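Here is the structure we will look at.
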2 protein chains.
Amino acid sequence: MAAGRVPVERRRRRPTKTGTVLTEELIVDCALRLAGEHGAEALSVRRLGAALGCDPSALYRYFHDTDDLLLAVADRIIGETMGGFAPAGDWLAGLREMAHRVYGGYSRHPKIAALAAYRVTRRPHEFRAVEIGIGLMLRGGFDKATAVRHYAAFIDTVLGHAALDAAHAALAPERRGADTRAWAEAYQGLSADEFPQLAEVRRELPLMAVSSFETALELFLSALEVRAG
Amino acid sequence: MAAGRVPVERRRRRPTKTGTVLTEELIVDCALRLAGEHGAEALSVRRLGAALGCDPSALYRYFHDTDDLLLAVADRIIGETMGGFAPAGDWLAGLREMAHRVYGGYSRHPKIAALAAYRVTRRPHEFRAVEIGIGLMLRGGFDKATAVRHYAAFIDTVLGHAALDAAHAALAPERRGADTRAWAEAYQGLSADEFPQLAEVRRELPLMAVSSFETALELFLSALEVRAG
DNA sequence: AAAGTTGCGTCAATGGTGTTGACATAAGGG
DNA sequence: CCCTTATGTCAACACCATTGACGCAACTTT
């Protein structure tokens with residue numbers, strides 16, 4: 001049953017009924033593509049099996065369960081977004097780019113992001129990302145413990161926003177629409193007596209429907225800058 | 001089928017097979033209790049029906065679907081956490097307390113938080129919370145548009161951290177443990193050649209396993225303070 | 001080249017999930 | 001007292017993840 005128990009060297013590559021030869025890599029590829037093309041619900045063992053042309057249960061030869069597969073997919077995303085990133089100049093600019101890369105990567109795969117943004121993949125691409133992030137904090141002049149704590153706060157803030165926006169983007173269309181329209185509709189009709197502050201900013205409320213990631217990131221980075229210097 | 005379509009006044013209160021009389025409130029109560037007591041998976045229409053002593057499908061007379069029910073439960077949580085909150089003094093202190101209340105409320109209901117933190121409930125308790133939050137920003141001296149944008153960044157940062165930590169807390173125990181231990185185990189064994197920065201802070205890495213909410217919040221608030229004054 | 005292991009794809013089955021339409025019954029208004 | 005109709009119940013559908021038994025075929029060994 002168990003996945004990965006079989007050493008890679010001993011692998012016997014038997015083609016499936018439809019001819020393709022399964023690989024961990026191929027499965028992750030397919031999962032990523034499937035989650036992207038079709039809606040949020042497309043990522044199930046059965047659909048994945050169908051897309052790969054194999055029996056669903058064959059996947060359990062490669063991954064313990066769907067959680068294991070999910071982490072593998074998440075690490076692939078991290079790898080893609082951080083690929084070729086080697087910040088050289090200003091540490092703050094480095095952090096800014098890293099934030100944009102991570103946020104952008106997860107935005108491109110909202111369904112996965114919503115499920116995996118808060119996980120620790122414990123896989124190579126994540127190792128590299130943390131290595132870079134902590135390096136940037138150290139370059140900012142923070143002592144070791146502060147660098148780690150600030151990196152945690154930084155990446156969690158970025159991941160938190162990414163997860164929020166991704167989860168929203170991954171919602172079924174009619175639900176996403178309803179949530180978005182709330183600020184321009186339900187919140188517009190509230191009584192000014194009961195909600196004076198909301199009435200005051202009524203015309204600006206639709207701003208609540210757009211992502212606050214950029215605003216939050218710049219506020220956060222400015223706070224870091226102050227503490228460093 | 002549809003929920004809420006029946007005006008409240010016309011309701012015919014028929015007891016279920018086991019004698020209890022269903023109410024939207026009673027259902028939300030039960031859902032909250034169920035999600036708290038039993039593990040993360042306890043929240044399903046069937047279990048809820050069993051706990052209420054009614055047929056699962058009876059719930060569809062009160063809520064369109066599980067999403068509708070989820071939003072009702074989430075709004076209840078907001079109401080509980082914000083109950084009696086009327087910040088009078090310093091606007092920054094008000095924001096700090098609001099952040100702690102929201103984060104704490106969701107921490108007490110991780111399963112719900114993981115599912116609902118990024119939603120707009122469009123219900124009374126949420127209205128009140130936004131009213132208070134925007135009021136605090138206006139008190140900080142920001143103009144209308146900036147107040148709204150800063151409130152969005154503020155609440156999304158808080159909700160993002162709450163969602164991250166809640167999702168982690170709602171994980172199945174063995175998965176949560178594995179994720180947590182990663183920083184004290186998998187990350188400790190990495191080669192110092194390949195990951196020099198990680199090696200540098202190796203002894204501080206376990207800090208990554210604890211919530212970064214407080215750190216992030218204080219950084220965020222300090223940035224707000226600078227912009228206000 | 002034949003025999004023996006064993007990886008792994010397939011099949012069938014289990015027990016879970018949300019949701020719906022038909023139905024019967026009792027509640028409450030006239 | 002009847003009539004309308006709200007609503008709890010039942011049965012069914014279409015999904016889901018996961019597992020154990022099975023047998024083929026791809027390697028290893030002799």
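No experiment lies behind these values; they were computed from the predicted model shown. Convention: sequence-line order gives letters A, B, ...; per-chain numbering from 1. In what follows, every heavy atom counts, from backbone to side chain, and hydrogens, waters and symmetry copies are set aside.
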Check whether any side-chain N or O of A:Tyr62 sits under 4.0 Å from OP1 or OP2 of C:dG9, and answer yes or no.
yes

note: B:Leu48, atom CG; C:dG18, atom C1'; distance rounded to Å ~ 13 Å

Phosphate-side-chain proximity, B:Thr16 and D:dT9, N/O vs OP1/OP2 below 4.0 Å
yes

Would A:Ile155 and A:Met98 count as a side chain to side chain contact (heavy atoms under 4.5 Å, CB included) if you check the C-alpha gap in whole Å, the side-chain angles of each, and the deciding distance to 0.1 Å?
CA-CA 9 Å; A:Ile155 200 68; A:Met98 181 167 174; 4.2 Å; yes

Considering the options B:Leu71, B:Val28, B:Thr81, which one meets the side chain to side chain contact (heavy atoms under 4.5 Å, CB included) requirement together with B:Arg76?
B:Val28

Measure from CZ on B:Arg61 to C1' on C:dA24 and round the result to the nearest Å.
12 Å

Nucleotide D:dA21, atom P - distance to OH of A:Tyr60 in whole Å
17 Å

When the distance from CG of A:Asp67 to C1' of D:dA17 is rounded to whole Å, what number comes out?
12 Å

Ignoring hydrogens and angles, state whether a donor on the side chain of B:Tyr187 or A:Glu126 is under 3.5 Å from an acceptor on the partner side chain.
yes

Is the phosphate of D:dC16 approached by A:Arg47 (side-chain N or O, under 4.0 Å from OP1 or OP2)?
yes

Has A:Ser44 got a side-chain N or O lying under 4.0 Å from the OP1 or OP2 atom of D:dC16?
yes

Under 4.0 Å: is that the gap between some side-chain N or O of A:Thr66 and OP1 or OP2 of D:dT18?
yes

Let me know the distance between CG of B:Leu43 and P of C:dT17, rounded to the nearest Å.
11 Å

Please give, in whole Å, the distance from D:dC16 P to A:Asp55 CG?
13 Å

Could you go through the side chain to side chain contact (heavy atoms under 4.5 Å, CB included) check for B:Tyr151 and B:Val130 one step at a time?
CA-CA 9 Å; B:Tyr151 174 73; B:Val130 180; 4.0 Å; yes

Of A:Arg46 and A:Cys54, whose nearest nucleotide on DNA chain C comes first from the 5' end?
A:Cys54

What is the separation between atom CG on A:Leu22 and atom P on D:dA25, rounded to the nearest whole Å?
16 Å

From CG of B:Leu52 across to P of D:dT7 the rounded distance in Å is 16 Å

For B:Arg176, I'd like to know if atom CZ has over 12 heavy atoms of other residues, nucleotides or ligands within 6.0 Å.
yes

Sorted by position of nearest nucleotide on DNA chain D, 5' first, the leading residue of B:Ser57 and B:Arg14 is B:Arg14

